Structures are given as structure tokens and as C-alpha cells.
Amino acid sequence: MSAQAWAVVCAAGAGERFGGERPKVFAALAGRPLLAESLERLEACEEIVGIVVAAPAGWEEPVILLAEELGCSKVSAVVTGGSTRGGSVRLALAEIPGEAELVLVHDAARPLVSEEIVARVLEPLGRGWEAVVPALPVADTVKRVEDERVVETVDRGSLVSAQTPQAFRADVLRTAYAKQGEATDCAALVEERGGRVCWVEGDQRLHKVTTPDDLALVEGWLGES
Ligand code: CTP
Ligand code: MG
């Protein structure tokens, strides 16, 4: 039997860099809210047994309606997100049943999540890893700068850039979030505690929508992914 996991969907951001009237996760991707892609795709994953969504304050009802419209019966709770992404994860985690063993945390801003990548991040959890990050090698030359000055060129051979969905042993993720503390991704909190974190090959199509240009890029991949 394949591993069974709960999913947290982080959708509570304001989308300040994206701009617009509505939160970014309600921006239209091929005529549907951006959030619809992640919900529908996670719903279709055999390994996912339940989904908790962190919604922007005041947008809980539209998120519930969207999940209903899409027939996403695995969505068991919609919580009001926190003021930071970490805060949103913490609030969503509280709605996941205590008996859940594995948890996936995904950004709704990365709409093209697939069953293939979900399986890929869950697999190492069965081999003793506690957290798994999909990541891509860094293609550009990376430089450390101080104000205007370039200080050094960093060896990019040991650098990767992290994406979501990230997968965790539920107890490890809960412990990481039990303490106050902020990080731009969940795996960083596990790393800080000396947890066993590994990375697997990510996918270019998991590109994060930050600005309207990103939306156009992802829309171009929609048909093929
Ligand atoms: N997110 C969240 N709760 C927050 C902040 C962010 O759930 N308080 C979610 C976003 O909805 C997004 C993901 O975390 O799916 C990654 O965040 P980001 O791309 O930074 O989105 P926003 O915070 O919405 O954008 P911005 O930083 O430009 O305001
Ligand atoms: Mg943000």
C-alpha cells in the first residue's frame, strides 16, 4: 500500500508583489482561481487522504465554496491563515488529526503540483528521512554582495533552490512548529533542530507565482502538466 498523507495548502498570503484587488490565490489562471489547480490536483492524488487549507482572512467562505464546486471532498477544514506563512502552517497543522503520520505542506502559489512529485517527496520518508524538499540545482552563477560591491562568487555546486510540496513525518513537523520561530520554509525549522532532511529532484513547473509574469509562464505549462 502506498503511504497516506495529509496536505496543508498555504493560501493565506496577501500577494503584495502580485498586486491586484484580490489575494493572489484568487488571481485567474486560465479562467479559474489559482488555488483551484492545487486543490484539484492534490484531491486527485491517491496518497492524500485529507486537505487543510489556510485562507486569507475574510476569504474563508470563497475557499470553502471553491472546494465544494471542484468536488474536493478531501478538504476537511479551512482555517484563517496567520500573518506569516509559518503562522498559517501552524494554524492548519492544528486541524490535522493526531493519528496522521505524514504531512505534505504545499504553496497554492505553485499551482502545477502533480501526483508524480507527491510520490517523489513521500518516498524518502519510508527510508528514515524526516523531511523531504523538492529542489532544483541553481543554474546561474551566484554571488554574495554587500550593498553595491560584489564580495565573492559562491560555489553553486552545493546549492539548490527549494520548492514545495515538502513532505514530513507528522510528529517531526509538529515538534518543529511547537516552538515559536520563523523560517521561509518548513524544512528549515526541521534543519535547525538537527532533523534528517533530504532533497529530491524538483520540477521547473513548480515555479512559484509571485508576479503576473509568473502567471503567464505557468499558464503556458498548464496544458502539458
Ligand atoms: N502564505 C500563507 N500565509 C501567509 C503568507 C503566505 O499561507 N501569511 C502562502 C501564500 O498564499 C503562498 C505561499 O504561502 O501560497 C508562498 O508565499 P508567497 O509566494 O510569498 O505569497 P504571498 O505572501 O501571498 O505574496 P507576497 O509575499 O508578495 O505578499
Ligand atoms: Mg509572502
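Note that this is a predicted model, so its numbers are computed, not measured. These values consider heavy atoms only, across backbone and side chains, with no hydrogens, waters or symmetry-generated copies. Note that ligands are numbered from 1 as they come in the structure, with each ligand's atoms numbered from 1 the same way.
- In terms of protein heavy atoms, atom 15 (O) of ligand 1 is closest to Cys10 O, 2.8 Å.
- Among protein heavy atoms, atom 7 (O) of ligand 1 sits closest to Ala12 N, 2.9 Å.
- Of all protein heavy atoms, the one lying nearest to atom 6 (C) of ligand 1 is Gly13 CA, 3.5 Å.
- If you chain together hydrophobic residues whose side chains sit under 4.5 Å apart, Leu125 and Val133 never meet in one group.
- Looking at Gln4, its side chain never comes within 3.5 Å of a backbone N or O of Val49 through a donor-acceptor pair.
- Between Arg17 and ligand 1, a contact under 3.5 Å exists for at least one N or O pair.
- The protein atom (non-hydrogen) at minimum distance from atom 29 (O) of ligand 1 is Glu16 N, 2.7 Å.
- For ligand 1, one of its N or O atoms has an N or O atom of Gly15 under 3.5 Å away.
- Remark: the backbone N or O of Ala188 is paired with a side-chain donor or acceptor of Asp185 at under 3.5 angstrom.
- Taking both residues in full, the closest heavy atoms of Val160 and Ala135 are given as CG2-CB, 3.6 Å, listed atom of the first, atom of the second, then distance.
- Near Ser83, with a cut-off below 4.0 Å to any heavy atom, the atoms of ligand 1 are 8 (N).
- Under a 4.0 Å heavy-atom criterion, Gly81 is not in contact with ligand 1.
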Test side chain to side chain contact (heavy atoms under 4.5 Å, CB included) applied to Leu35 and Val9, step by step
CA-CA 9 Å; Leu35 175 61; Val9 177; 3.9 Å; yes
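- For ligand 1, the atoms sitting less than 4.0 Å from at least one non-hydrogen atom of Gly82 are 8 (N), numbered in the order shown with element in parentheses.
- Near Ala109, meaning under 4.0 Å from one of its heavy atoms, ligand 1 places the atoms 12 (C), 15 (O).
- For atom 3 (N) of ligand 1, the closest heavy atom belonging to the protein is Ser88 OG, 2.7 Å.
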For residues 87-96, please give each side-chain donor-acceptor pair under 3.5 Å, one per line with the distance, not counting sequence neighbours.
residue, atom, partner, partner atom, Å
Ser88, OG, Gly82, N, 3.0
Ser88, OG, Thr84, O, 3.3
Arg90, NE, Tyr177, O, 2.9
Arg90, NH2, Lys179, O, 3.0

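- Remark: side-chain polar atoms of Gln166 are paired, donor with acceptor, to backbone N or O of Ala187 under 3.5 angstrom.
- For ligand 1, the polar-atom distance check against Val25 finds no nitrogen or oxygen pair separated by under 3.5 Å.
- In terms of protein heavy-atom proximity, atom 17 (O) of ligand 1 is closest to Lys208 NZ, 4.4 Å.
- The closest approach between a heavy atom of Thr84 and any atom of ligand 1 is below 4.0 Å.
- Close approach of ligand 1 to Ala14 (heavy-atom distance below 4.0 Å) involves ligand atoms 24 (O).
- When hydrogens are left out, the protein atom nearest atom 13 (C) of ligand 1 is Asp107 OD1, 3.4 Å; that is the closest non-hydrogen contact.
- With a 6.0 Å radius and a threshold of 12 heavy atoms from other residues, nucleotides or ligands, Glu16 has its CD atom at or below the threshold.
- The aromatic rings of His207 and Trp221 sit perpendicular to each other, their planes meeting at more than 60°, with 30° as the lower class boundary.
- Under a 4.0 angstrom heavy-atom cut-off, Gly87 registers as lying outside contact with ligand 1.
- In the model, Asp203 has no side-chain atom that pairs as donor or acceptor with a side-chain atom of Gln163 under 3.5 Å.
- Two residues are said to be in side-chain contact when any heavy atoms from C-beta on lie closer than 4.5 Å; Val145 and Val151 fail this criterion.
- Regarding atom 21 (O) of ligand 1, its nearest protein heavy-atom neighbour is Lys24 NZ, 2.9 Å.
- Clustering ILVMFWY residues whenever any of their side-chain heavy atoms sit less than 4.5 angstrom apart, transitively, puts Val197 in a cluster other than the one holding Leu136.
- Looking at ligand 1, you won't find any N or O of Phe18 less than 3.5 Å from one of its N or O atoms.
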